[in-house]
Amino acid sequence: KLKSTYTDALQDDIVDGRVHTSFSMAATNTGRLSSSDPNLQNIPIRTEEGRKIRGAFVARDGWKILSLDYSQIELRVLARMAGIDALVDAFRDGQDIHAMTASQVFGVPVEGMDPMVRRQAKAINFGIIYGISAFGLARQLSIPRGDAKNYIDAYFERYPGIRDYMDGAVEQCRKEGLVETLFGRRIHLDQINAKNPMQRNYAERQAINAPIQGSAADIIKRAMIHVPKAITAARLDARMLLQVHDELLFEAPEDQVEKTIDIVKETMEAATYPALELKVPLVVDTGVGDDWATAH
């Protein structure tokens with residue numbers, strides 16, 4: 001799979017030493033950019049073998065690859081949209097959100113926490129965004145379905161505002177046939193009242209997730225508009241190369257790396273202003289390397 005899809009196919013896409021992709025602005029209903037011919041948003045990262053493909057994307061001599069990635073942006077958007085004060089405060093204080101959730105849901109102290117317990121809370125935090133079921137969580141964590149259901153129930157009991165947000169999003173969508181991002185962009189979901197249960201259930205999950213994922217997409221698009229201007233104003237030579245959902249990839253001369261990171265990070269973290277008071281700070285993680293695998 002890796003050989004046929006990536007190492008063989010990508011070589012055929014090289015033009016003047018570079019691989020060029022095409023982006024579609026409106027191919028997804030959430031508003032995320034999609035990449036094709038070739039799809040550079042789908043280069044593997046989860047396995048050691050897959051990461052070697054990213055290692056083939058190298059900086060030119062005297063330059064570095066820079067990765068700037070929004071940290072937990074969808075959870076931050078959820079905290080804002082659902083009005084969860086505990087999560088908002090945790091993000092403002094720079095707490096480990098997964099450890100905090102584990103402490104709240106499982107009743108264990110943050111200090112000295114078993115990494116496995118934190119992993120379970122992390123799976124719940126991200127799973128909730130996508131409307132994960134007890135069955136799905138049980139399979140993901142390799143735990144009994146009953147335990148997974150108890151974890152989800154405990155999560156909603158601790159953060160009732162999230163359940164209220166989810167129910168409200170679905171109800172609004174049933175009435176209006178659409179949901180909205182934080183910036184007011186509308187996402188139409190025609191199957192929300194479908195007679196087919198599978199189509200209807202899928203649309204309900206979309207009604208919950210699309211405003212969150214769509215708001216994150218709006219934020220990084222705003223950043224992409226402002227970043228090149230900021231780089232030019234700072235008289236830097238860095239270039240934006242690629243967007244992979246919550247990550248922006250750049251190349252910059254070695255002697256401009258630190259200043260480029262400072263400028264881009266500042267711009268990305270201020271991307272919602274002045275249009276929106278997010279209430280939750282945006283945080284951008286950074287990485288630098290001679291190739292994409294090292295930088296991420």
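Each side-chain hydrogen bond (donor to acceptor under 3.5 Å, both in side chains) pair with one or both residues in residues 125-139, not counting sequence neighbours, appears once here: E74-Y130, H98-N125, T101-N125, N125-Y155, Y130-Q213. Under the side-chain hydrogen bond (donor to acceptor under 3.5 Å, both in side chains) criterion, the residue pairs touching residues 262-275 are K265-E269, with sequence neighbours excluded. Screening residues 5-16 for salt bridge (charged side-chain N to carboxylate O under 4.0 Å, His left out), with sequence neighbours left out, gives K3-D8. For residues 85-94, the set of pairs meeting the side-chain hydrogen bond (donor to acceptor under 3.5 Å, both in side chains) definition, not counting sequence neighbours, is empty. For residues 217-232, the pairs satisfying side-chain hydrogen bond (donor to acceptor under 3.5 Å, both in side chains) are T181-D218, R185-D218, with sequence neighbours left out.
D114 and R119 are not joined by a salt bridge, as no carboxylate oxygen comes within less than 4.0 angstrom of a charged side-chain nitrogen. Taking the charged nitrogens against the carboxylate oxygens, E176 and R186 have no contact shorter than 4.0 Å, which rules out a salt bridge. For the pair E171 and R174, the salt-bridge criterion is met [side-chain N within less than 4.0 Å of a carboxylate O].
Remark: S103 pairs with no residue by the side chain to side chain donor-acceptor pair (under 3.5 Å) rule, at least two apart or across chains. Residues satisfying the side chain to side chain donor-acceptor pair (under 3.5 Å) test with R239, not counting sequence neighbours, are E251. Applying the salt bridge (charged side-chain N to carboxylate O under 4.0 Å, His left out) rule to D37 yields no partners; only residues at least two apart in sequence or on another chain are considered. Take K259 and apply the salt bridge (charged side-chain N to carboxylate O under 4.0 Å, His left out) test, not counting sequence neighbours, and it matches no residue. Qualifying side chain to side chain donor-acceptor pair (under 3.5 Å) partners for D285, counting only residues two or more places apart in sequence or in other chains: none. Evaluation of the ring-ring contact (aromatic ring centres under 6.0 Å, His included) rule for F106 yields Y151 as partners, not counting sequence neighbours.
Clustering of Ile, Leu, Val, Met, Phe, Trp and Tyr by side-chain heavy atoms under 4.5 Å joins I187 with V179, L189.
With rounding to the nearest 0.5 Å, the separation of NE2 in H296 from CD1 in I43 is 13.0 Å.
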